[in-house]
Number of protein chains: 4
Amino acid sequence: MTAIAALREEVADLHRELVRYGLVIWTAGNVSARVPGEDLMVIKPSGVSYDDLGPDAMVVTDLHGNLVDGDLAPSSDTAAHAYVYRHRPDVGGVVHTHSSYATAWAARGEPIPCVLTMIADEFGGDIPVGPFALIGDDSIGRGIVDTLRDSRSPAVLMKGHGPFTIGADARAAVKAAVMLEDVARTVHFAHQLGKPDSIDQQHVDRLYARYQNVYGQ
Amino acid sequence: MTAIAALREEVADLHRELVRYGLVIWTAGNVSARVPGEDLMVIKPSGVSYDDLGPDAMVVTDLHGNLVDGDLAPSSDTAAHAYVYRHRPDVGGVVHTHSSYATAWAARGEPIPCVLTMIADEFGGDIPVGPFALIGDDSIGRGIVDTLRDSRSPAVLMKGHGPFTIGADARAAVKAAVMLEDVARTVHFAHQLGKPDSIDQQHVDRLYARYQNVYGQ
Amino acid sequence: MTAIAALREEVADLHRELVRYGLVIWTAGNVSARVPGEDLMVIKPSGVSYDDLGPDAMVVTDLHGNLVDGDLAPSSDTAAHAYVYRHRPDVGGVVHTHSSYATAWAARGEPIPCVLTMIADEFGGDIPVGPFALIGDDSIGRGIVDTLRDSRSPAVLMKGHGPFTIGADARAAVKAAVMLEDVARTVHFAHQLGKPDSIDQQHVDRLYARYQNVYGQ
Amino acid sequence: MTAIAALREEVADLHRELVRYGLVIWTAGNVSARVPGEDLMVIKPSGVSYDDLGPDAMVVTDLHGNLVDGDLAPSSDTAAHAYVYRHRPDVGGVVHTHSSYATAWAARGEPIPCVLTMIADEFGGDIPVGPFALIGDDSIGRGIVDTLRDSRSPAVLMKGHGPFTIGADARAAVKAAVMLEDVARTVHFAHQLGKPDSIDQQHVDRLYARYQNVYGQ
């Protein structure tokens with residue numbers, strides 16, 4: 001199997017994770033993966049039901065969003081994904097959802113404070129807010145890249161819109177999207193009945209270092 | 001397959017989407033489709049479990065709600081659907097649910113403000129509230145039609161009752177019902193901890209135009 | 001099949017509805033059915049997982065909770081069910097859950113106000129609160145019967161405990177439990193951001209009469 | 001089948017209960033079981049997807065967390081589980097999750113008050129909060145053991161982190177984790193719209209005694 005065929009399968013599978021964790025409805029949301037060593041990416045087609053997102057439905061574009069392979073028009077968020085890949089060579093996967101709790105923080109333009117060890121582990125601090133940006137040019141992509149430049153967080157809450165997450169590969173970006181919604185929900189609940197303490201910066205640093213380097217196999 | 005047989009199947013399938021997205025419980029909620037070119041509609045029977053809603057259970061009525069074909073009594077909301085079809089020739093599908101978040105806004109009689117790009121995309125502005133109306137005559141149908149006349153929104157929140165959505169066909173009306181509950185939930189969460197900014201009207205207009213014309217295949 | 005064998009099957013099936021609608025966890029909650037024309041009831045065994053609740057696991061007791069048939073000890077709530085059957089000959093089914101939203105109203109000892117047409121339809125007015133009562137004697141059963149005597153509601157919120165629902169048969173009692181949690185949730189949401197208007201008594205009466213007499217097949 | 005092989009299967013099965021009840025996401029959370037009569041325990045491997053958690057993936061360690069059998073690195077929470085087994089010979093199972101509602105109480109460092117009969121039954125009083133503790137040494141284990149020493153509760157809410165539960169065996173610890181999230185949610189809802197009354201201590205005592213001794217088969 002070629003690298004692109006394998007990525008089509010992986011990206012199709014990862015869309016199912018968005019459904020499983022309740023991060024998307026109908027045709028909203030999308031996952032993409034950079035094709036390693038080439039200026040190409042694999043991304044979801046626009047407006048197609050999650051039931052119909054097999055490997056063959058996935059679309060290949062260059063890193064300016066021009067269609068290279070596939071029968072369907074690429075996601076309407078393709079320009080944002082492409083901008084991220086062009087400006088962040090370390091990023092191999094991008095995910096966008098409108099998951100409810102993360103989007104509620106995004107609607108208010110309020111960062112999610114680092115009040116849980118799980119946030120320190122995965123996000124390394126507060127989860128930042130990006131600018132309100134219209135679809136149609138590079139505004140969203142630039143907002144993502146500019147906001148994440150000075151952060152350890154793989155997630156950004158785009159104001160009035162919803163979250164984008166990045167990762168070394170598409171799976172890592174999906175993991176960040178899943179964990180983002182989980183902590184967005186838990187901190188929402190915590191704030192409804194009081195104000196949790198933030199974790200000390202030195203503890204955040206130790207938790208982040210350990211989780212990034214020791215956790216897993 | 002005749003047009004009516006195909007619509008019976010489609011309407012039965014679409015009821016399963018209401019279940020999948022958690023918009024209905026027990027026997028509540030209903031989808032209908034206009035039979036193109038005829039003064040007929042296909043609608044759910046009254047008080048039948050979602051497990052038993054195959055194509056054969058669906059009912060055909062005229063646009064005054066009189067039974068034309070089918071073994072079961074039509075939905076108790078048939079009069080409201082029929083009124084919409086009589087007064088909105090552009091409408092090919094109608095959906096009614098009591099989905100929890102949308103109904104909570106309806107209980108308070110409060111429109112859902114356009115604070116998310118997803119609301120601008122699909123609803124083109126705030127999602128309006130219709131009057132409190134009793135079942136049994138044309139009050140509900142008239143409330144729907146009068147409220148939606150001056151709105152781009154395919155959804156109306158009937159006061160103290162629940163949402164109705166419309167579309168060019170039944171699938172579009174179901175999509176609107178799914179997206180309505182999603183944004184009702186997200187904006188509910190956003191309001192619990194603050195007050196999100198509304199999106200500028202010019203941005204709403206651009207987002208709506210793009211989503212209606214460019215999105216999808 | 002004997003009446004009791006059929007009821008064992010029906011009661012087993014109805015327990016699955018409690019799971020489907022998320023009204024119960026682990027082994028909590030129970031459904032019972034009166035055996036028509038006999039002083040007997042069929043009820044869930046105590047502390048058995050929902051995965052293992054086939055017809056054979058169901059237990060038959062008399063209307064004082066004494067075991068008549070079955071290999072397992074009856075539900076620890078058997079006395080409450082039995083009291084209801086002894087004092088309400090019109091009741092053929094009883095359900096008890098700790099469903100989250102209904103139990104939250106029960107924890108505060110606050111009735112659910114009739115602010116939705118769906119509440120008027122099924123419950124005929126506010127959903128009342130019963131006394132705090134300890135398990136172990138007739139206190140819970142008496143609390144249920146005394147509270148529901150002057151109400152059209154098939155549901156009572158036992159203070160600091162959770163809901164009980166009744167019906168002409170077990171299926172009707174389960175339906176009431178499902179609808180109760182749904183309206184408990186929606187009215188909870190509505191109250192979080194404001195105060196919905198109650199429906200006028202005359203409208204409640206008309207809605208209740210129609211739903212009880214016209215709705216369904 | 002050896003005792004360890006049986007425990008591998010049981011612990012693998014119990015992880016599926018965490019998924020079923022929505023207590024965990026991605027690879028977070030873990031269950032362990034003490035091997036009866038030996039200074040060993042069976043625990044989840046670190047960072048492995050719940051889809052891949054068959055019996056063979058489980059790991060055996062001694063009660064200081066050193067790997068004894070298995071191909072994968074043990075859970076990053078192994079030290080905490082091991083500490084509990086060393087200091088609580090009565091404990092045969094330990095569970096850790098970040099379930100949303102319980103973790104929200106943990107984020108605020110607020111005990112869950114005993115306002116429901118279900119809390120009295122299973123937890124015997126308020127559900128206590130343990131200290132904020134960093135992963136990497138015995139701090140978490142010591143926090144769990146010290147907090148639960150003076151409580152009947154099988155659950156502790158570790159500040160800024162999440163819940164741990166214990167039981168006579170792994171199944172009992174999982175049951176406690178499931179019931180904890182359920183009551184954490186219900187009491188959260190109750191507090192959002194008011195302040196429920198606590199149950200009198202004498203009633204708590206009677207409910208706890210009955211549930212621990214009479215409930216079940």
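Within every chain, numbering begins at 1; the chains are lettered A, B, ... in the order of the sequence lines, protein sequences first and strands thereafter.
Both the backbone and the side chain of Leu116(D) come within contact range of chain C, judged by heavy atoms closer than 4.5 Å. Neither the backbone nor the side chain of Glu181(D) comes within contact range of chain C; no heavy atoms are under 4.5 Å apart. Leu193(D) touches chain C through backbone and side chain together, each having a heavy atom under 4.5 Å away. Contact of Thr27(C) with chain D is made through backbone and side chain together, with heavy-atom distances under 4.5 Å. With a threshold of 4.5 angstrom between heavy atoms, Leu134(C) approaches chain D through side-chain atoms but not through N, CA, C or O. Heavy atoms closer than 4.5 Å to chain D are found nowhere in Asp77(C), neither backbone nor side chain.
Of all the listed residues (Ala102(C), Ser46(C), Ser99(C), Ser75(C)), the one sharing the greatest number of non-hydrogen pairs under 4.5 Å with chain D is Ser46(C). Counting heavy-atom pairs under 4.5 Å between each of His203(D), Met118(D), Lys175(D) and chain C puts Lys175(D) at the top. The choice from Gly22(C), Ser100(C), Gly109(C) that makes the most heavy-atom pairs within less than 4.5 Å of chain D is Ser100(C).
Residues Ser76(C) and Tyr211(D) bring no donor and acceptor atom of their side chains to less than 3.5 Å of each other. Side-chain contact annotation: His191(C) with Gln192(D), donor-acceptor N/O pair under 3.5 Å absent.
Annotation: Asp146(C), atom CG; neighbour count of heavy atoms from other residues, nucleotides and ligands within 6.0 Å is above 12. The local environment of CZ in Arg206(D) is sparse, with at most 12 non-hydrogen atoms from other residues, nucleotides or ligands closer than 6.0 Å. Atom CG of Asp71(C) sits in a sparse spot, with 12 or fewer heavy atoms from other residues, nucleotides or ligands closer than 6.0 Å.
Within the 3.5 Å criterion, the main-chain N or O of Pro196(D) finds no donor-acceptor partner in the side chain of Arg108(C).
Closest approach of Gln217(D) and Pro45(C) over heavy atoms only: NE2-CB, 3.7 Å. Heavy atoms only, all atoms of each residue included: Ala104(C) and Phe189(D) are closest at CB-CB, 3.5 Å.
Proximity of Arg185(D) to Thr103(C): side-chain heavy atoms (C-beta onward) are nowhere separated by under 4.5 Å. Counting heavy atoms from C-beta on, the side chains of His98(C) and Thr186(D) never come closer than 4.5 Å.
Ionic pairing of Asp197(D) and Lys159(C) is present here: one or more N-O contacts between side-chain nitrogen and carboxylate oxygen are shorter than 4.0 angstrom.
Relative ring orientation between Tyr21(D) and Trp26(C) is described as tilted, the plane-to-plane angle lying within the 30° to 60° band.
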Handout entry: Working for side-chain contact (heavy atoms from CB on, under 4.5 Å), residues Thr117(D) and Ile135(C)
Key = CA-CA 9 Å; Thr117(D) 55; Ile135(C) 200 166; over 6 Å; no
